[in-house]
Amino acid sequence: MLKRFKHLRRSTDVPDLTAVKQALREQRIETPSWAYANSGTRFKVFGQPGVPRTPEEKIADAATVHRFTGVAPTVALHIPWDRVDDYAALSKYARDLGVEIGAINTNVFQDEDYKLGSVTNPDPRIRRKATDHLVDAVSIMDETGSRDLKLWFSDGINYPGQDDLRDRQDRLAAALRVAYDRLGPDQRILLEYKLFEPAFYATDVPDWGTSYAHCLELGDKATVCIDTGHHAPGTNIEFIVAFLLRAGKLGAFDFNSRFYADDDLMAGAADPFQLFRIMYEIVRGDALGPGIAFMLDQCHNIEAKIPAIIRSVMNIQEATAKALLVDRDALRTAQREGDVLAANAVLMDAYNTDVRPLLAELREDAGLDPDPVAAYHRSGYQQQIVADRAGGAQAGWGA
């Protein structure tokens, strides 16, 4: 294995592969329950045979991803999409399959009352309804043992003058405070942002700065969630990562890829170099540990669900491995000397390294198949769920 890395420009002959391997072994990636279900665009949902009909079947699929990758031991839930009567029992079911319940995601965008917004709605009755949902989600976290309450608001306005921009920020802050004060000592808020859609004139949490400002106001248990698809074209996401890490306010990622807007494609599919740059800042900030939740948030509309999620997990692993191979001593030397080309070359050397043999070796060391996608296809799991899940109502968000 060492021979594969001797061509790299480094201050030492080869990277410390022992440390690289250990970091990769400890990496954890959370998968989303909704990505296993039917999903699509506002134009069409293309149903697939074998998709889950219940939260339990979603968890079973997530456990299957973990079984083949070894690094996806938690699954995020979305309420009410994953509502059950007994969340403690659901957590036990997950543990029996070898996974845990991760972040609890709220939904304040699919109710008729939320046409003009949820927590920022001009109507105090609707604001109360939405805020109560956030508090209820924390109660679910108490039952599942979840650490993270993930909040995304579709709230915004379509026309100038439709509502007061400042009043809406006051209403948002008030709702966030209620949810924050309900958190337990080991729980936290992840506040996501989105540039636009479904609101087109002004979104109430449109960017990382707005999320960051509200999190600062709330306190230490509020952090920013970066969805990699929620930015204007050309946005330097790794700068946002570096800034928030420095400020201690980066709590999570929602990894996906975009070509044009919020495309929700497989992580690393559109711009793998961007994913590498993001992961380098994570490595640079010594933030690969459990403090940052590395989650997927994807919409598999035409591709097979489970293989696509496995591919995303593998893409993140590859980007992480390359980031860990950056010769940081050589990079710092070039930066101090103002050697622009040498500094860039250090990054490019790591990015251009084929890390697939390294990851295959790691999987074999862990008793896993070196090719998780191929192993999944050979397993017969897909054929089994197609047969077992015939009939009933398939889970999906109903676009």
Side-chain angles (χ1 to χ4, degrees), residues 4-5 7-10 15 17 20 23-24 27 29 69 71 195 207-208 225-246 250 252-288 292 294-300 303 308-335 339-360 362 372-373:
R4 300 191 61 84
F5 301 101
H7 66 283
L8 297 178
R9 299 174 65 254
R10 299 186 179 275
L17 287 185
V20 169
L24 291 169
Q27 186 174 30
I29 299 166
T69 64
V71 295
L195 183 64
D207 52 39
W208 69 274
C225 175
I226 296 176
D227 186 307
T228 51
H230 288 184
H231 303 86
T235 297
N236 187 326
I237 299 176
E238 59 268 30
F239 170 82
I240 301 170
V241 173
F243 184 97
L244 292 175
L245 280 175
R246 181 177 180 272
L250 178 57
F253 285 94
D254 275 357
F255 280 116
N256 53 60
S257 284
R258 62 177 292 280
F259 286 103
Y260 296 103
D262 183 20
D263 300 340
D264 278 341
L265 301 174
M266 292 185 300
D271 189 350
F273 186 47
Q274 179 190 68
L275 183 57
F276 160 76
R277 299 193 309 263
I278 290 170
M279 293 312 303
Y280 171 71
E281 290 303 330
I282 292 293
V283 171
R284 162 67 178 83
D286 295 324
L288 271 179
I292 309 296
F294 299 96
M295 301 183 287
L296 304 181
D297 182 13
Q298 299 172 183
C299 176
H300 303 301
E303 63 272 44
I309 295 171
I310 293 175
R311 283 277 303 276
S312 285
V313 170
M314 294 172 66
N315 288 346
I316 293 171
Q317 287 182 293
E318 289 182 20
T320 305
K322 292 180 179 186
L324 288 164
L325 290 175
V326 172
D327 187 339
R328 292 165 64 181
D329 289 338
L331 183 60
R332 280 190 292 267
T333 297
Q335 290 169 342
D339 192 335
V340 176
L341 295 180
N344 177 254
V346 171
L347 285 180
M348 296 309 299
D349 278 344
Y351 176 68
N352 288 322
T353 300
D354 184 358
V355 297
R356 291 174 297 177
L358 172 64
L359 290 165
L362 278 176
V373 173

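Model, not experiment: these values are computed from the prediction.
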Enumerate donor-acceptor pairs with a distance under 3.5 Å from any side-chain N or O in residues 269-277 to protein atoms, sequence neighbours excluded.
| from | atom 1 | to | atom 2 | distance (Å) |
| --- | --- | --- | --- | --- |
| Asp271 | OD1 | Phe273 | N | 3.3 |
| Asp271 | OD1 | Gln274 | N | 3.1 |
| Arg277 | NE | Glu238 | OE2 | 2.5 |

* Can you list every pair that meets side-chain hydrogen bond (donor to acceptor under 3.5 Å, both in side chains) and has a residue in residues 258-268, with sequence neighbours left out? -> Lys194-Asp262, His230-Asp262, Asn256-Asp264
* Asked: Less than 4.5 Å apart, any side-chain heavy atom of Phe259 and any of Leu265?
  -> yes
* **Validation row: Leu325, Leu17 side chains within 4.5 angstrom (heavy atoms)** => yes
* Separation between CE of Met266 and CD of Glu303, rounded to the nearest 0.5 Å -> 6.0 Å
* Measure from the side-chain N and O atoms of Ser312 to the backbone N and O of Ala267, and report whether any donor-acceptor pair falls under 3.5 Å. => yes
* Asked: So, do Thr320 and Val355 sit near enough that their side-chain heavy atoms are less than 4.5 Å apart?
  -> no
* Check against side chain to side chain contact (heavy atoms under 4.5 Å, CB included), Val326 and Leu331 -> CA-CA 8 Å; Val326 172; Leu331 183 60; 4.2 Å; yes
* Decide side chain to side chain contact (heavy atoms under 4.5 Å, CB included) for Leu245 and Ile282; before the verdict, give the C-alpha distance in whole Å, the side-chain angles of both, and the deciding distance to 0.1 Å. => CA-CA 8 Å; Leu245 280 175; Ile282 292 293; 4.1 Å; yes
* How about Val20 and Leu358: do any of their side-chain heavy atoms sit closer than 4.5 Å? -> yes
* To do: Not counting sequence neighbours, which residues clear side chain to side chain contact (heavy atoms under 4.5 Å, CB included) with Ala23? List them please.
  => Leu288, Leu324
* To do: Quick one: list whatever passes side-chain hydrogen bond (donor to acceptor under 3.5 Å, both in side chains) with Arg332, sequence neighbours left out.
  => Asp329
* To do: Give the minimum heavy-atom separation between Gln298 and Phe255, together with the two atoms involved.
  => OE1-O, 3.4 Å
* **pair Val373-Arg311: side-chain heavy atoms closer than 4.5 Å** => yes
* Asked: Backbone N or O of Ser257 within a donor-acceptor pair of the Thr228 side chain at under 3.5 Å?
  -> no
* To do: State the CZ-CD1 distance between Phe294 and Ile278, to the nearest 0.5 angstrom.
  => 10.5 Å
* Structure fact -> Across all chains, not counting sequence neighbours, the side chain to side chain contact (heavy atoms under 4.5 Å, CB included) partners of Asn344 are Met348
* To do: Given side chain to side chain contact (heavy atoms under 4.5 Å, CB included), test Gln27 with Leu24 step by step and report yes or no.
  => CA-CA 5 Å; Gln27 186 174 30; Leu24 291 169; 4.2 Å; yes
* Rounded to the nearest 0.5 Å, how far does CZ of Phe253 lie from CD1 of Ile316? -> 9.5 Å
* Structure fact -> Sorted by chain and residue number, the side-chain hydrogen bond (donor to acceptor under 3.5 Å, both in side chains) partners of Gln317 (sequence neighbours excluded) come out as Arg363
* When rounded to the nearest 0.5 angstrom, what distance separates CG in Asp227 from CG in Leu195? -> 11.5 Å
* To do: Please round to the nearest 0.5 Å and tell me the distance separating atom CG of Leu347 and atom CG of Asp327.
  => 10.5 Å
* For residues Ala323 and Val283, report the shortest heavy-atom separation together with the two atoms involved. => CB-CG2, 3.8 Å
* To do: Output the distance between atom NE2 (His300) and atom CD1 (Ile309), rounded to the nearest 0.5 Å.
  => 4.5 Å
* Taking all non-hydrogen atoms of both residues into account, name the closest pair between Val346 and Ala330 and its distance. => CG2-CB, 4.1 Å
